[in-house]
Q: 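After the C-alpha cells below, expect a handful of questions from me.
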There are 2 protein chains.
Amino acid sequence: MTEEKKIFRDYVKSRGLKHTAQRDEILTYLLKSGRHMSPEEVFHTLRERDPKLGRATVFRTLKLLEECRLASRVTDANGHQTYEGSYGKPHHDHMICVRCGRTVEFSSPRIESLQARIARRKGFQVQWHRHEIFGRCSRCENKI
Amino acid sequence: MTEEKKIFRDYVKSRGLKHTAQRDEILTYLLKSGRHMSPEEVFHTLRERDPKLGRATVFRTLKLLEECRLASRVTDANGHQTYEGSYGKPHHDHMICVRCGRTVEFSSPRIESLQARIARRKGFQVQWHRHEIFGRCSRCENKI
DNA sequence: CTGATACTGAGACTCAGTATCAAAAAGAAA
DNA sequence: TTTCTTTTTGATACTGAGTCTCAGTATCAG
Ligand SMILES: [Zn+2]
Ligand SMILES: [Zn+2]
Ligand SMILES: [Zn+2]
Ligand SMILES: [Zn+2]
C-alpha cells in the first residue's frame with residue numbers, strides 16, 4: 001500500500017469515517033493519472049469499470065481528499081474545478097494554456113512572500129490563494 | 001455623457017455593433033455602483049425598472065464591456081463571476097473575505113514583473129491572470 | 001425612409017454541483 | 001460470526017449559472 005493510501009485510511013479513521021472501495025478507486029485513479037482532472041472526467045472513467053458508481057460519490061470523495069491534503073483544487077480556464085494529486089508536492093501555482101488546456105506549474109518563493117506581506121499589511125488573514133496565469137503555451141504559440 | 005459612455009459607443013461602432021438602451025442602462029448601473037457585482041445582481045436590479053429586460057442581455061453586455069476594457073471580471077470565493085467597472089483603473093488583484101465577501105484590492109508591480117519573468121522563461125505568452133487571495137478581512141478576523 | 005443587420009427577450013437547454021433518502025456497506029463489539 | 005450502529009452510497013430530483021435559439025424589434029447608414 002502506498003504512503004498516500006495509508007494517509008487516507010488514517011485520516012478517514014481519525015474522523016470516524018469509513019473506508020470504502022469507491023474512495024479507494026478514486027484515490028488510486030487520481031494518483032495514477034498524475035494530471036489535473038475534472039470530477040466529471042474521474043466519474044466517467046471509473047464508471048466504465050463500475051457502472052453503479054455515482055456522480056455524487058466522486059464529488060464527495062475529491063472534497064475529502066482535498067481536506068486531507070492528498071488532492072488540491074485548481075480552477076481551469078473556464079472556471080471549472082479540477083483536482084490533482086498533491087501529496088508531497090510543495091505549494092505551486094499554474095499557468096494554463098487557453099488553447100490546449102495544458103498546465104505548467106510554477107512556484108516562486110518571492111511572489112509568495114510578497115503576497116504574505118501585502119496581506120499582513122492590510123490586516124488580512126490568508127487561508128488560501130489562487131494564482132493562475134492564462135495564455136498560450138510554447139507549443140500553441142503559433143497555432144490558430 | 002461620461003468618458004466611459006463615449007468609449008463604449010465608439011467601441012460598439014467600430015465593431016459594427018449597435019448601441020441600445022439596454023446596453024446603456026447596464027453600463028450606467030455598473031459605473032454608478034462602483035462595486036463588484038454578479039450578472040444576476042445586475043439583472044435583478046435593472047429588471048425592477050424594466051420588467052422586460054432579459055437575463056441573456058445582461059450576460060452579453062457584461063461580456064462586451066469586458067472586451068472593451070470598461071469592466072473586468074473577478075471570480076468570487078464560490079467560483080462565480082463578478083464584474084467591476086475598470087475604466088481608468090490600473091491593473092490590480094483581489095483579496096476576498098470568505099466570511100463577509102468584502103474585497104480588498106491590491107497591486108504589486110514586483111509580483112507582476114516576477115510573474116512576467118516566470119512566464120517568459122517557460123515560453124508562455126500571457127493573456128491574462130487571476131491572483132486572488134482568500135481569507136478573513138480585518139473586520140471579520142475574530143467573528144464566528 | 002427604408003432596408004440590411006444587429007439586438008432583444010422568452011424560454012428551452014446544458015452542465016456542474018448539491019440535496020434527499022432509502023438501501024447497502026463498514027466496522028466495532030459481543 | 002452475528003448483531004448493531006453509523007456512515008456511505010447511488011438514484012433521482014433539484015438548483016443556479018450561463019448559453020442557445022429564434023421570431024420579432026430596434027438601430028443606423030445611406
Ligand atoms: Zn502560490
Ligand atoms: Zn497549449
Ligand atoms: Zn495582477
Ligand atoms: Zn470580512
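Each chain gets a letter, A, B and so on, in the order the sequences are listed, and its residues count up from 1.
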Q: Counting heavy atoms from C-beta on, name the nucleotide in dT7(D), dA6(C), dG18(D) closest to the side chain of L17(A).
A: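 It is dT7(D).
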Q: Taking the side chain of R55(B) as heavy atoms from C-beta outward, which of dA16(C), dG18(D), dG9(C) is closest to it?
A: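 Shortest atom-to-atom distance from the side chain points to dG18(D).
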Q: Between dT8(C), dT8(D), dG10(D), which nucleotide gets closest to the side-chain atoms of K18(A)?
A: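 Nearest to the side chain of K18(A) among the choices is dT8(D).
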Q: Can you check the E66(A) CD to dG17(C) C1' distance for me, whole Å?
A: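 In whole Å, dG17(C) C1' lies 14 Å from E66(A) CD.
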Q: Using the side-chain heavy atoms of R23(B), tell me which of these nucleotides is nearest: dA29(D), dT8(C), dA16(C).
A: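 Between dA29(D), dT8(C), dA16(C), the one nearest the side chain of R23(B) would be dT8(C).
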Q: Would you kindly give the CG-to-P distance between L53(B) and dG11(C), to the nearest whole Å?
A: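 L53(B) atom CG is separated from dG11(C) atom P by 15 Å.
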Q: Whole angstrom is fine here: how far is it from CG in L62(B) over to P in dC7(C)?
A: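 The distance from CG of L62(B) to P of dC7(C) comes to 15 Å, rounded to the nearest Å.
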Q: Which pairs with one or both residues in residues 19-61 of chain B pass ring-ring contact (aromatic ring centres under 6.0 Å, His included), sequence neighbours excluded?
A: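 Of all non-adjacent pairs touching residues 19-61 of chain B, those that pass ring-ring contact (aromatic ring centres under 6.0 Å, His included) are H36(B)-H94(B).
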Q: Between R35(A) and E41(A), is there a salt bridge with N-O shorter than 4.0 Å?
A: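 R35(A) and E41(A): salt-bridged.
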Q: Given dG18(D), dA29(D), dG9(C), identify the nucleotide with an atom nearest to the side chain of F59(B).
A: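 Per side-chain heavy atoms of F59(B), the pick is dG18(D).
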Q: Between E141(B) and R136(B), does any NZ, NE, NH1 or NH2 come within less than 4.0 Å of an OD or OE carboxylate oxygen?
A: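 Result for this pair is no, no salt bridge flagged.
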Q: Can you tell me how far C1' of dG16(D) sits from NE2 of H44(B), to the nearest Å?
A: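 Roughly 11 Å, once rounded to whole Å.
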Q: What residues, two or more places apart in sequence or in another chain, satisfy salt bridge (Lys or Arg N to Asp or Glu O under 4.0 Å) together with R102(B)?
A: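 Once residues adjacent in sequence are excluded, R102(B) has no partner under the salt bridge (Lys or Arg N to Asp or Glu O under 4.0 Å) criterion.
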Q: Given that H19(B) and T20(A) both sit by DNA chain D, which one's nearest nucleotide is further toward the 5' end?
A: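 Counting from the 5' end, the first nearest nucleotide belongs to T20(A).
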Q: To the nearest angstrom, how far is R9(A) atom CZ from dT8(D) atom P?
A: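 In whole Å, dT8(D) P and R9(A) CZ are 14 Å from each other.
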Q: Within a strict 4.5 Å, meaning less than it, do heavy atoms of the E105(B) and E84(B) side chains meet?
A: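 Yes, their side chains come closer than 4.5 Å.
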Q: With a 4.0 Å limit, can you tell me whether K52(B) has a side-chain N or O closer than that to the phosphate oxygens OP1/OP2 of dA10(C)?
A: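 The answer is yes; a side-chain N or O of K52(B) sits under 4.0 Å from OP1 or OP2.
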Q: Within the modelled atom types, does a donor on one side and an acceptor on the other bring the side chain of R60(A) and the base of dG10(D) under 3.5 Å apart?
A: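 Yes.
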Q: Please confirm whether the shortest side-chain N or O distance from Q22(B) to OP1 or OP2 of dG9(C) is below 4.0 Å.
A: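 So the side-chain polar atoms of Q22(B) do come within 4.0 Å of the phosphate oxygens OP1 or OP2 of dG9(C), strictly under.
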Q: Does dA16(C) have its OP1 or OP2 closer than 4.0 Å to a side-chain nitrogen or oxygen of Q81(A)?
A: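 Looking at the OP1 and OP2 atoms of dA16(C), neither is under 4.0 Å from any side-chain N or O of Q81(A).
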Q: Can you work out whether G16(B) or D50(B) has the more 5'-proximal nearest nucleotide on DNA chain C?
A: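 Result: G16(B).
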